[in-house]
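Data first, discussion second: the structure below is written as structure tokens.
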Amino acid sequence: MPVYELYLLLRQMPRPEIVSGVKRMAEIILDRGGVIRSINSLGTRELPYKISSQGLVHRTGTYFTLEFSVPPKNLEDIDEEYSRDVDIVRRRIYKIEDEINVPKHEPCTLHEELLPPVYRKDVQEMLAIAARKKNPKFKYNSGLDYYPFSK
């Protein structure tokens, strides 16, 4: 099962209600066949701007992150359940990239670091990317001596 990360912004509530709200969010994931890996509270903070949700205007909120695994077909049901919850002001679900797809960095050596930047492998790769972007694959050539779209 893929790993997802859920960012939650809950409305301002007393602590016991926040705990019951987070339990309710976790139960929704568990009922859909998911496994919760971690729950992190980022605390209660002032919002950067006022947010209206469920007919109310919110100026403070409690931030949470949940890391979980769930079958992809159940992800839409989870998001729909969260959209109907009155305690949630904002929510976003992101897929965490697999470790297989993430490029692994090769350990650098002191010899490579002491080379001038022009001779380093990573700098040469950046220069090659810049050269490709500098020389486009096509040229604008209409055969005219002037640009036809200027006034």
Side-chain angles (χ1 to χ4, degrees), residues 1-138 140 149:
M1 286 189 288
V3 180
Y4 297 97
E5 192 163 27
L6 168 68
Y7 291 95
L8 283 174
L9 174 59
L10 301 178
R11 66 183 177 90
Q12 186 178 14
M13 301 182 286
R15 187 174 176 94
E17 289 182 29
I18 290 174
V19 171
S20 66
V22 173
K23 282 183 185 178
R24 190 172 60 246
M25 309 307 156
E27 287 173 359
I28 291 172
I29 293 171
L30 296 174
D31 291 343
R32 302 293 189 279
V35 176
I36 297 176
R37 295 172 177 254
S38 68
I39 300 175
N40 297 319
S41 173
L42 304 176
T44 302
R45 300 182 183 152
E46 292 285 326
L47 301 178
Y49 49 88
K50 61 183 180 181
I51 300 174
S52 62
S53 173
Q54 306 285 345
L56 298 172
V57 176
H58 304 279
R59 290 177 172 27
T60 59
T62 306
Y63 294 86
F64 280 94
T65 62
L66 279 86
E67 190 174 313
F68 62 97
S69 296
V70 71
K73 64 179 181 176
N74 297 339
L75 195 61
E76 191 173 320
D77 294 338
I78 292 171
D79 194 39
E80 182 190 353
E81 286 280 334
Y82 289 156
S83 69
R84 288 188 264 131
D85 197 320
V86 295
D87 292 337
I88 298 177
V89 177
R90 290 278 164 95
R91 78 215 176 276
R92 290 283 186 266
I93 299 175
Y94 297 102
K95 182 178 179 185
I96 297 177
E97 294 295 325
D98 299 332
E99 292 181 16
I100 298 170
N101 296 337
V102 177
K104 296 182 180 175
H105 297 285
E106 297 176 9
C108 60
T109 62
L110 180 61
H111 174 69
E112 291 175 358
E113 288 296 318
L114 292 177
L115 289 174
V118 178
Y119 298 112
R120 291 186 199 155
K121 182 180 175 185
D122 55 346
V123 175
Q124 289 176 350
E125 290 173 1
M126 286 190 285
L127 290 173
I129 292 170
R132 280 189 303 236
K133 289 184 178 183
K134 190 182 229 183
N135 299 326
K137 295 180 181 177
F138 66 91
Y140 178 77
F149 300 109

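When a residue number appears, it is its place in the shown sequence, counting from 1. Since we're looking at a predicted model, the values are computed, not measured.
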query = Under a 4.5 Å cut-off applied to non-hydrogen side-chain atoms, are F68 and I93 in contact?
reply = yes
query = Within a strict 4.5 Å, meaning less than it, do heavy atoms of the I29 and Y82 side chains meet?
reply = yes
request  = Using a 4.5 Å cut-off on heavy atoms from C-beta on, say whether the side chain of I78 contacts that of Y4.
outcome  = no
Sequence neighbours excluded - side-chain hydrogen bond (donor to acceptor under 3.5 Å, both in side chains) pairs with any residue from residues 7-24 = E5-Y7, R11-D87, Q12-T60, R24-D85, R24-D87
task = First locate atom CD1 of I18, then atom OG of S41, and finally report the distance between them rounded to the nearest 0.5 Å.
result = 7.5 Å
note = Minimal heavy-atom distance between P71 and G33, with the atoms involved, is CD-O, 3.8 Å
request  = Could you tell me which residues satisfy salt bridge (Lys or Arg N to Asp or Glu O under 4.0 Å) with D79, sequence neighbours excluded, listed by chain and number?
outcome  = R91
key: Pairs flagged by salt bridge (charged side-chain N to carboxylate O under 4.0 Å, His left out) wherever residues 65-76 is involved - sequence neighbours left out   = none
query = Does any non-hydrogen side-chain atom of L10 lie less than 4.5 Å from one of V22?
reply = yes
query = Testing D77, L75, V35 for side chain to side chain contact (heavy atoms under 4.5 Å, CB included) with V70, which one passes?
reply = L75
Pairs meeting criterion salt bridge (charged side-chain N to carboxylate O under 4.0 Å, His left out) with involvement of residues 32-59, two or more places apart = R32-E81
query = side chain to side chain contact (heavy atoms under 4.5 Å, CB included) with F64: which of N40, L8, I88?
reply = L8
Run the side-chain donor-acceptor check on residues 119-130: report pairs under 3.5 Å with partners two or more places apart or on a different chain.
{"from": "R120", "atom 1": "NE", "to": "L115", "atom 2": "O", "distance (Å)": "3.2"}
{"from": "R120", "atom 1": "NH2", "to": "E113", "atom 2": "O", "distance (Å)": "3.2"}
{"from": "R120", "atom 1": "NH2", "to": "L115", "atom 2": "O", "distance (Å)": "3.3"}
{"from": "Q124", "atom 1": "NE2", "to": "V118", "atom 2": "O", "distance (Å)": "3.3"}

request  = Quick one: which residue pairs count as a ring-ring contact (aromatic ring centres under 6.0 Å, His included) with a foot in residues 30-51, not counting sequence neighbours?
outcome  = none
